[in-house]
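Values below: all heavy atoms of this structure, side chains included; hydrogens, waters and symmetry mates excluded.
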Amino acid sequence: MAKTNKKYQSTSGRYWLVKSEPDTFSIDDLAVAPKRTTHWDGVRNYQARNTLRDQMQLGDYVLFYHSSCDEPAVMGVVQVVRAGYPDFTAFDRHDPHFDPKSRTEQPTWYMVDVQLRERFARPVSLRQLRQVKQLAGMVLLQKGSRLSVQPVRPAEFATIVELARSFT
């Protein structure tokens with residue numbers, strides 16, 4: 001089993017995977033964002049919200065995954081640079097993520113800020129992930145797993161980073 005790469009030592013010991021549809025927001029969009037940083041907004045699932053609000057911590061590393069596309073794949077690594085805080089898009093009537101039930105004094109939805117750390121030279125496809133024995137228990141690979149924010153075990157994270165680097 002792969003050990004966590006020293007470059008990606010999470011201070012909390014936690015690792016994550018976030019999904020984004022590339023036609024909505026891709027890793028290339030993040031690469032050109034100011035300081036290669038963005039807020040991870042628009043999550044409207046309570047379990048994923050709880051992860052953003054209660055578990056993701058400053059310094060955690062996250063796999064950036066493109067979903068709902070021709071070839072779903074892990075595209076790179078981002079890092080949490082601001083822990084969970086209220087998702088202000090829920091309060092903006094003109095934003096597609098507006099939620100009229102969410103209130104500033106008692107927010108329903110949360111987000112984190114992430115910063116691009118590495119864009120893989122070659123993405124690691126879902127098909128490739130399914131072929132790696134060490135990843136068999138990964139949440140992403142479980143039947144019915146649809147959460148856009150999910151935990152990743154340290155060894156799974158290290159295996160995927162190692163796999164991505166083996167392509168170059």
Side-chain angles (χ1 to χ4, degrees), residues 1-21 25-27 29-31 33 35-67 72-88 107-168:
M1 222 183 248
K3 290 187 178 183
T4 305
N5 183 302
K6 288 185 187 206
K7 180 178 178 181
Y8 295 124
Q9 288 290 330
S10 168
T11 53
S12 73
R14 294 181 179 163
Y15 296 86
W16 310 96
L17 179 141
V18 293
K19 295 179 182 178
S20 183
E21 296 176 10
F25 189 82
S26 72
I27 199 162
D29 295 323
L30 180 56
K35 298 184 182 181
R36 298 167 31 129
T37 302
T38 193
H39 45 271
W40 201 262
D41 66 357
V43 173
R44 298 298 182 262
N45 171 283
Y46 288 101
Q47 188 175 349
R49 181 270 324 255
N50 293 348
T51 299
L52 293 170
R53 183 188 66 196
D54 304 332
Q55 297 179 337
M56 281 185 145
Q57 296 179 19
L58 182 66
D60 286 357
Y61 287 98
V62 183
L63 297 170
F64 191 114
Y65 182 82
H66 280 178
S67 65
V74 178
M75 304 301 293
V77 176
V78 300
Q79 187 175 27
V80 176
V81 294
R82 182 176 177 189
Y85 62 100
D87 182 343
F88 55 79
T108 304
W109 305 112
Y110 282 74
M111 61 183 163
V112 297
D113 288 355
V114 296
Q115 186 173 63
L116 182 62
R117 293 296 185 226
E118 179 178 0
R119 187 186 190 296
F120 295 152
R122 231 174 106 209
V124 184
S125 72
L126 179 60
R127 181 180 43 77
Q128 291 166 319
L129 295 172
R130 291 191 188 286
Q131 296 171 356
V132 178
K133 181 180 164 187
Q134 297 93 323
L135 301 177
M138 190 174 179
V139 173
L140 176 69
L141 304 180
Q142 301 309 302
K143 189 173 185 125
S145 175
R146 297 184 43 82
L147 282 177
S148 63
V149 179
Q150 50 190 247
V152 174
R153 292 180 190 94
E156 294 167 343
F157 184 93
T159 297
I160 292 168
V161 170
E162 187 177 292
L163 188 59
R165 291 183 178 155
S166 72
F167 295 147
T168 58

Between Tyr85 and Asp113: side-chain donor-acceptor atoms closer than 3.5 Å: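 Asp113 and Tyr85 do have a side-chain donor-acceptor pair below 3.5 Å.
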
No-hydrogen, no-angle side-chain donor-acceptor test under 3.5 Å, Arg117 and Gln115: yes

If we only count heavy atoms from C-beta on, is the [X] to [Y] side-chain gap below 4.5 Å?
| X | Y | answer |
| --- | --- | --- |
| Val18 | Met56 | yes |
| Gln79 | Asp60 | no |
| Arg119 | Val77 | no |
| Arg130 | Leu141 | yes |
| His66 | Ile27 | yes |
| Phe120 | Val74 | yes |

If you measure from [atom1] on [X] to [atom2] on [Y], what distance do you get to the nearest 0.5 Å?
| X | Y | atom1 | atom2 | value |
| --- | --- | --- | --- | --- |
| Gln47 | Leu147 | CD | CG | 4.5 Å |
| Ser20 | Tyr65 | OG | OH | 12.0 Å |
| Trp40 | Asp87 | CH2 | CG | 12.5 Å |
| Arg53 | Trp109 | CZ | CH2 | 10.0 Å |

For the pair [X] (side chain) and [Y] (backbone), establish whether a donor and an acceptor sit closer than 3.5 Å, ignoring hydrogens and angles.
| X | Y | value |
| --- | --- | --- |
| Thr159 | Ala155 | yes |
| Arg49 | Thr108 | yes |
| Thr37 | Ala33 | no |
| Asp54 | Thr51 | no |
| Ser10 | Arg14 | yes |
| Gln150 | Leu140 | yes |

Atom CD of Gln142 with >12 non-hydrogen neighbours under 6.0 angstrom: yes

Residue pair Val149 / Ala48: nearest heavy atoms and the distance that separates them: CB-CB, 4.0 Å

Parallel, tilted or perpendicular, as decided by the 30° and 60° cut-offs, for the rings of Phe157 and Tyr8: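 Correct class here is perpendicular.
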
Ring centroid separation Phe88 to His39 under 6.0 Å: yes

